[in-house]
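The block underneath contains the structure these notes are about, expressed in structure tokens.
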Amino acid sequence: MALKAVSIWGYSKALSPPLGVGLANSHSTPIGNQRYDFDKCRRWESCCLGVLAQTATTAVEDEEPNVPPLIDSSGAADGVHQIHKDIIQLPKPLTTIDISSSSSSDGSKVRVAYQGLPGAYSEDAALKAYPKCETVPCDNFESAFKAVELWLVDKAVLPIENSVAGSIHRNYELLLRHRLHIVGEVQLRVNHCLLGLPGVRKEELKVVVSHPQALDQCEKMLSDLGVVKIGARDTADAAQTVASNCARDTGAIASSRAAEVYGLDILTERIQDDDENITRFLVLARDPIIPGTDKPHKTSIVFSLEEGPGVLFKALAVFAMRDINLSKIESCPLKQRPLRVVDDSNQGNSKYFDYLFYIDIEASMAEPRAQYALGQLQEFARFLRVLGCYPMDTVL
């Protein structure tokens, strides 16, 4: 299948000259050492309207196929043999090796990749974004990225931050390494459940298995039970382990969907210490969507800055002066050039990190103010790339 040509939202001073603008005269407003001339800025904006606008690309409409359930667990309570049979029927997660040797998808269905096993929270997020999609489990985050790039799936839904555990830096790194576009976000309220074999009571448990973060987030309940905690790759893997081993004294912390998939009983729901436990996921696709203004949008960007005092302040001020809210800012050391040497004294050289800044702004690229802000940001940025413009998820 021939790949469609798409426009890439990106900028590097090594590839194109910066956009210039004079910013000082008698009518300017002082901000630190930088003086911003709003009159000139408006005249400059009227000249460069659309400099950063994305070339329109028609998004492929999502079909909604009727997909049968991953597993029929109605007979799970009849015995452990049925549980084993059901687990064998579950799809095997894609690995990097599988992806390298597989042929591309024919695009006849909406297929959404996620990291983990069936029953993972990431699968719940994929089904929230596309309720009738075909979910495709992947062995790791990079396999999900590659599955989209190689046309094996249409989209990927991957976690980017959790309200308790913080950001998932691995996926920030993969966003920069791969040329996929953010086309949506999903906010999922985490409901940790204590699962066990059919007929088991929670007082019988001596061991609980789950992802280390899930174990930490349920510390109070686990301490009250006095059980031994064992880490697993993810919550769905923990549920599968309990169902496979058929040990009545072993439970798992996972989602309610995992209980359904693996034929386990929910012994207790909402066992997390913090009730407001929310994970934010990004929806990734090969092609960007056409941004609109009919609903609230976010634009995610990544950039690095030239050296100099107050440069980060000046970079962020281009959004403040246009009343654009920043909903997130994340900084990561630049791996290609992690350290720079500065000789600022007679006592030798000092070493400092160079950083990449990931920022989410609450504005659509269809709005002139967002285009103007990114145009002015180019004056301070050594590198700038728009990762995506997409509708905000306001429903939990």
Side-chain angles (χ1 to χ4, degrees), residues 73 76-77 83 87 90 93 114-128 135 137 140-141 157-171 186-281 393 395-396:
S73 59
I83 294 178
I87 291 175
L90 293 174
Y114 65 94
Q115 184 275 329
L117 296 175
Y121 287 108
S122 293
E123 187 181 30
D124 285 344
L127 292 171
K128 180 183 177 183
T135 56
N140 52 51
F141 293 134
V157 174
L158 297 171
I160 196 66
E161 61 180 333
N162 176 264
S163 59
V164 177
S167 298
I168 300 170
H169 294 98
R170 174 60 176 165
N171 282 337
V186 179
Q187 296 194 79
L188 185 72
R189 190 180 298 276
V190 175
N191 174 22
H192 285 317
C193 301
L194 181 62
L195 312 181
L197 291 175
V200 171
R201 296 179 298 109
K202 69 177 182 178
E203 290 78 14
E204 300 178 49
L205 299 180
K206 296 180 180 179
V207 177
V208 171
V209 185
S210 193
H211 188 278
Q213 286 186 1
L215 295 173
D216 291 341
Q217 292 170 11
C218 304
E219 177 65 30
K220 184 177 184 303
M221 189 277 301
L222 295 177
S223 296
D224 292 342
L225 285 179
V227 296
V228 176
K229 298 178 288 185
I230 298 179
R233 292 181 58 192
D234 55 52
T235 55
D237 180 60
Q240 186 188 66
T241 299
V242 171
S244 300
N245 294 343
C246 300
R248 294 181 59 84
D249 65 347
T250 304
I253 295 177
S255 67
S256 58
R257 178 175 172 78
E260 178 184 351
V261 170
Y262 298 104
L264 301 176
D265 283 353
I266 299 177
L267 308 183
T268 310
E269 286 193 81
R270 303 194 181 282
I271 62 174
Q272 60 268 19
D273 298 339
D274 189 344
D275 290 335
E276 294 299 319
N277 189 340
I278 299 168
T279 300
R280 177 171 169 251
F281 296 79
D393 182 15
V395 179
L396 283 175

Quick one: closest heavy-atom pair of [X] and [Y], and the distance?
{"X": "Gly263", "Y": "Pro198", "value": "O-CG, 3.5 Å"}
{"X": "Ser256", "Y": "Cys193", "value": "N-SG, 3.9 Å"}
{"X": "Ile230", "Y": "Leu215", "value": "O-CD1, 3.6 Å"}
{"X": "Leu264", "Y": "Ala239", "value": "CD1-O, 3.5 Å"}
{"X": "Ala232", "Y": "Asp237", "value": "CB-OD2, 3.8 Å"}
{"X": "Asn171", "Y": "Ile160", "value": "CB-CD1, 3.9 Å"}

Task: Derivation and outcome, side-chain contact (heavy atoms from CB on, under 4.5 Å), residues Asp265 and Val200 - done: CA-CA 8 Å; Asp265 283 353; Val200 171; over 6 Å; no

Give, for atom [atom1] of [X] and atom [atom2] of [Y], the distance between the pair rounded to the nearest 0.5 Å.
{"X": "Gln272", "Y": "Lys220", "atom1": "CD", "atom2": "NZ", "value": "13.0 Å"}
{"X": "Ile168", "Y": "Thr279", "atom1": "CD1", "atom2": "OG1", "value": "7.0 Å"}
{"X": "Leu188", "Y": "Ile278", "atom1": "CG", "atom2": "CD1", "value": "9.0 Å"}
{"X": "Leu158", "Y": "Arg280", "atom1": "CG", "atom2": "CZ", "value": "12.5 Å"}
{"X": "Asn245", "Y": "Thr250", "atom1": "CG", "atom2": "OG1", "value": "7.0 Å"}
{"X": "Cys218", "Y": "Asp273", "atom1": "SG", "atom2": "CG", "value": "6.5 Å"}

Taking the side chain as everything from C-beta on, heavy atoms only, tell me whether [X] gets closer than 4.5 Å to [Y].
{"X": "Leu117", "Y": "Val261", "answer": "no"}
{"X": "Thr268", "Y": "Met221", "answer": "no"}
{"X": "Leu222", "Y": "Ile253", "answer": "yes"}

- [ ] Apply the test side-chain contact (heavy atoms from CB on, under 4.5 Å) to residues Gln115 and Asp234: give CA-CA distance (whole Å), side-chain angles for both, the deciding distance (0.1 Å), then the verdict.
- [x] CA-CA 9 Å; Gln115 184 275 329; Asp234 55 52; 4.0 Å; yes

Task: Side-chain donor/acceptor of Gln240 to backbone N/O of Ala236, under 3.5 Å - done: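 Looks like no, no N/O pair under 3.5 Å.
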
Task: Main-chain N/O of Glu276 paired with Ser163 side-chain donor or acceptor, under 3.5 Å - done: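 Answer holds: yes.
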
TODO: Could you walk me through whether Tyr262 and Leu195 pass the side-chain contact (heavy atoms from CB on, under 4.5 Å) test, one step at a time?
DONE: CA-CA 10 Å; Tyr262 298 104; Leu195 312 181; over 6 Å; no

Task: Of all pairs that satisfy ring-ring contact (aromatic ring centres under 6.0 Å, His included), the ones with a partner from residues 186-217, not counting sequence neighbours - done: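 Non-adjacent pairs meeting ring-ring contact (aromatic ring centres under 6.0 Å, His included): Tyr121-His192.
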
- [ ] Could you go through the side-chain contact (heavy atoms from CB on, under 4.5 Å) check for Ser255 and Thr235 one step at a time?
- [x] CA-CA 7 Å; Ser255 67; Thr235 55; 5.8 Å; no

Open item on the list: Run the salt bridge (charged side-chain N to carboxylate O under 4.0 Å, His left out) test against Glu204 and tell me which residues pass, sequence neighbours left out.
Closed with: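 Arg201, Arg248.
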
Task: Test salt bridge (charged side-chain N to carboxylate O under 4.0 Å, His left out) applied to Lys128 - qualifying residues, sequence neighbours left out - done: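 In terms of salt bridge (charged side-chain N to carboxylate O under 4.0 Å, His left out), with neighbours along the sequence ignored, Lys128 is linked to Asp393.
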
